[in-house]
Engineer: 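Take this structure, written in structure tokens, and hold onto it; I'll ask about it next.
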Amino acid sequence: MLCACSGEQFKLEEAVPQSPESLATRDFSASGLSSRTGTVDWESKLEDAQVDEAESTLKEALSLNYEEARALLGRLEYQRGNFDAALQVFQGIDIRLLSPRMSKAIAERTRPRKLRSKDRNVLAGVMSLHSVSLLLEAILLKAKSLAELGRVKEAARECKIILDTVESALPNGIYREINEDSKLLEMFHRALELLPKLWLQAGSLDEAIAAYRRALLKPWNLDPQRLAKVQKDLAATLLYGGVEAGIPSEYKPWGSMFPKTGIEESILLLFILMQKVLHGEIEWDQEVMNHLTFALTISGEFLSLADHVEQVIPGRYNRVERWYFLALCYSAAGAKLCAQDPSESSEGINFARRVIDVSMDQNEHTLSQGHKFLGICYGNVARTSVSDIERVTLHRDSRNSLNHISLAGTKDPEISFRLGLENAIQRNLTPAFEQAMLYSEMTAGSSPRGWKLLALIASAEQRLKDAEAIIDLALDETGNIDQLELLRLKAVIQIAQEQPKQAIETYRILLALIQGLSEHHDENTSKLQAERALELEAWLDLAALYSDHELWLDSDICIKKAKATKFYSPRCWHATGRLFEAQEQHKEAIIALSVSLSIEPDYVPSIISTAEVLMKMGSKSLPIAKSFIMNALRLEPTNHEAWFNLGLIYKMEGLVQQAADSFQAAHELKLSAPVQSFH
């Protein structure tokens, strides 16, 4: 027993549950030992005598007082797995009475040696750090015993006593090792780590978060790896706990620069941990990166996530994982890939050709992907080309690349969608509708853009009722933001069917839904921006509808609503110009349209409207109007309004044949024009 309880053997070993007859399976009174509840027989009296003898032997052999002897006996019972017996032993120690003495001992005996030597008389009646360590261990084991017995909240309260005792002695933290008894520091560190876990086990998330913050608020001389573990656990609790734990004012030394929410606090902690990893202060921990990925993803900070992925030391991810991870980050951040950004599609053609070259006769999947992206990039470049010959060539190459994969039997929904889109843009409506139907079947009707393409192709074929029926079906299959886009398309189709009342009601529903959804989104989120863009389009659609019916005041109100959403919008100022034009205020119309073109010089509706106003201002303006129309046709060769106005100009110039050809082109293009642009 003396060996087991010796102060030399201090390490906290894992308790192994056993069921031998305990030396301390009874309650202890303040003055001595009383029998265990139940009948008292000679066997229990013999056991009482054994405990008295053991305690007496410990006191004499080790010069221990009453509490220290109980601490050692309790440790022995805990190590044997006799948690109930250990608890009864520990309960005989009045820690609350001893706590002030322990705090005083820690404060006095951890002072610098120079200061301590001047005050030797003060230390005469002060407990030794060894005794304090022994009692702190008793409290810690008592807390663990309570936890093992399912009394977790009581365990947490006991564990908190250790923190209160040490913190009252060292209110500014621990800046150096307590060399005289490092075991005291170890007990304290274990309590720091255990307390939040106990509160979590008890389901008290607020208390757990407060305990984590308490462990991090002051320097407690934790080694880097243990400190990192506390920081990581706090970050995880804040991320996944489901509660918003407000940060107390005393924890805000930097004022407004301090994290305002639990998510921000979690991200800050994870940033700190990643920096420690990069500087070699702690070991790589995949969990930290996983938590950071989740935190930055739900915050929409994809570029920041990409930066941290790039900083990760080589070898943590293989090359494929790293590049795929980065591609996802940049794609989510809006850093468009070449196939998605028309301005970068020329470079995308080169990349796609290189993929095809290296994959030839080696990897069929990669080869088909190369042809797919080549077709997509060809189509994007064709739509921005200023040369008619180049445009025709690029559209042909786009279809050829996409058909090459389709004929090879590759079952890729994206290929069917792109083929449908390319054919629709070139007004090959029958094959376009077939490919759009195939895409819808392959995606089981779950893709909003598939439904939208089908409806637009149907509208281009002048099957407006079918187009509206397709939208009604799509509304039952899609989510919130997609439903909003489809509702707007439905209203536009209703306008095309000359159903203004139904269209106005659809817009009313759309705007009400946007307002309701916007209240639940944070500022600057992608969803909120998309909803505001739809709100802008809805107000401007209504403005055009009211203007067509000569309801000038209502049209003006809608335009003002749109400008309140986005003042510097080319379409807003185009609508303003059209309103002035309808009221024959030509100079004001030209000014408004000039503002629109100053915001976006290639905005085709404003270019055409400017030409229309100039034509109404007299024959002297015809050459300028004609240059505007030719520019519009360069940008959109299939715009029937531009061809119609070109015919009017030719007619005013007396060029009858050219006028007839232009009117014929306008008529044919209008017969195959969708209610909205295909792209």
Side-chain angles (χ1 to χ4, degrees), residues 156 159-160 163 167 171-173 189 191-279 281-309 311-312 329 332-333 520-526 528:
C159 190
K160 185 174 179 291
L163 274 60
E167 190 169 6
N172 296 319
H189 287 168
L192 278 176
E193 296 167 331
L194 178 63
L195 181 58
K197 294 178 181 178
L198 291 173
W199 285 125
L200 284 175
Q201 191 177 343
S204 302
L205 289 177
D206 288 337
E207 295 285 356
I209 291 170
Y212 279 125
R213 287 172 176 163
R214 182 177 184 179
L216 298 174
L217 183 62
K218 297 176 183 178
W220 295 121
N221 208 10
L222 283 164
D223 69 70
Q225 208 63 43
R226 294 174 81 167
L227 178 61
K229 180 69 165 59
V230 176
Q231 291 172 323
K232 182 182 75 172
D233 289 347
L234 173 56
T237 304
L238 291 167
L239 272 178
Y240 312 117
V243 296
E244 186 57 59
I247 302 174
S249 57
E250 63 267 22
Y251 289 3
K252 299 181 180 180
W254 304 300
S256 61
M257 299 302 292
F258 205 79
K260 297 179 179 62
T261 65
I263 297 294
E264 289 184 6
E265 184 180 356
S266 174
I267 291 173
L268 178 60
L269 287 166
L270 294 168
F271 279 173
I272 292 170
L273 288 170
M274 287 301 295
Q275 287 301 308
K276 289 182 177 180
V277 170
L278 293 176
H279 290 92
E281 296 177 24
I282 60 174
E283 297 176 358
W284 165 259
D285 188 342
Q286 183 62 49
E287 284 189 2
V288 173
M289 194 64 200
N290 293 344
H291 295 329
L292 185 61
T293 301
F294 177 78
L296 292 177
T297 298
I298 63 175
S299 303
E301 298 294 334
F302 299 105
L303 286 178
S304 179
L305 178 57
D307 288 340
H308 281 83
V309 174
Q311 292 172 19
V312 171
C329 292
H520 296 86
H521 296 319
D522 295 331
E523 290 291 329
N524 300 321
T525 61
S526 57
L528 183 61

Engineer: Shortest non-hydrogen contact from L195 to A156?
Structural biologist: CD1-O, 3.2 Å
Engineer: Show your working on side-chain contact (heavy atoms from CB on, under 4.5 Å) between L270 and L296 and close with a plain yes or no.
Structural biologist: CA-CA 10 Å; L270 294 168; L296 292 177; over 6 Å; no
Engineer: Which pair of heavy atoms, one from A215 and one from W220, lies closest together, and at what distance?
Structural biologist: O-CD1, 3.3 Å
Engineer: Looking at K232, I'd like to know if its NZ atom is crowded, meaning that more than 12 non-hydrogen atoms belonging to other residues, nucleotides or ligands lie closer than 6.0 Å.
Structural biologist: yes
Engineer: Could you go through the side-chain contact (heavy atoms from CB on, under 4.5 Å) check for I282 and Q275 one step at a time?
Structural biologist: CA-CA 9 Å; I282 60 174; Q275 287 301 308; over 6 Å; no
Engineer: Looking at E283, I'd like to know if its CD atom is crowded, meaning that more than 12 non-hydrogen atoms belonging to other residues, nucleotides or ligands lie closer than 6.0 Å.
Structural biologist: no
Engineer: Give the intermediate values and the outcome of side-chain contact (heavy atoms from CB on, under 4.5 Å) for residues L192 and V230.
Structural biologist: CA-CA 9 Å; L192 278 176; V230 176; over 6 Å; no
Engineer: So which atom in W199 and which in A211 form the shortest heavy-atom distance, rounded to 0.1 Å?
Structural biologist: CD1-CB, 4.2 Å
Engineer: Using every non-hydrogen atom in the two residues, find where M289 and V312 come nearest and quote the distance to one decimal.
Structural biologist: SD-CG2, 4.3 Å
Engineer: Mind telling me whether H308 and F271 have parallel, tilted or perpendicular rings, with 30° and 60° as the class edges?
Structural biologist: parallel
Engineer: Between atom CG of L198 and atom SG of C159, what is the distance when rounded to the nearest 0.5 Å?
Structural biologist: 5.5 Å
Engineer: Calculate, to the nearest 0.5 Å, the distance between atoms CG and CD belonging to L227 and Q225 respectively.
Structural biologist: 10.0 Å
Engineer: If you apply the rule salt bridge (Lys or Arg N to Asp or Glu O under 4.0 Å), what do you find for E193 with K229, and how did you get there?
Structural biologist: CA-CA 9 Å; E193 296 167 331; K229 180 69 165 59; over 6 Å; no
Engineer: What closest approach, in Å, do S299 and I267 show between heavy atoms, and which atom pair accounts for it?
Structural biologist: OG-CD1, 3.6 Å
Engineer: Are any of the side-chain heavy atoms of D285 and V277 separated by less than 4.5 Å?
Structural biologist: no
Engineer: Look only at the side chain of K218 and the backbone of P171, and say whether a donor-acceptor pair between them is shorter than 3.5 Å.
Structural biologist: yes
Engineer: What is the minimum heavy-atom distance between L234 and R213, and which atoms define it?
Structural biologist: CD2-CG, 4.1 Å
Engineer: Does the side-chain contact (heavy atoms from CB on, under 4.5 Å) test come out yes or no for L200 and D233, once each step is laid out?
Structural biologist: CA-CA 11 Å; L200 284 175; D233 289 347; over 6 Å; no
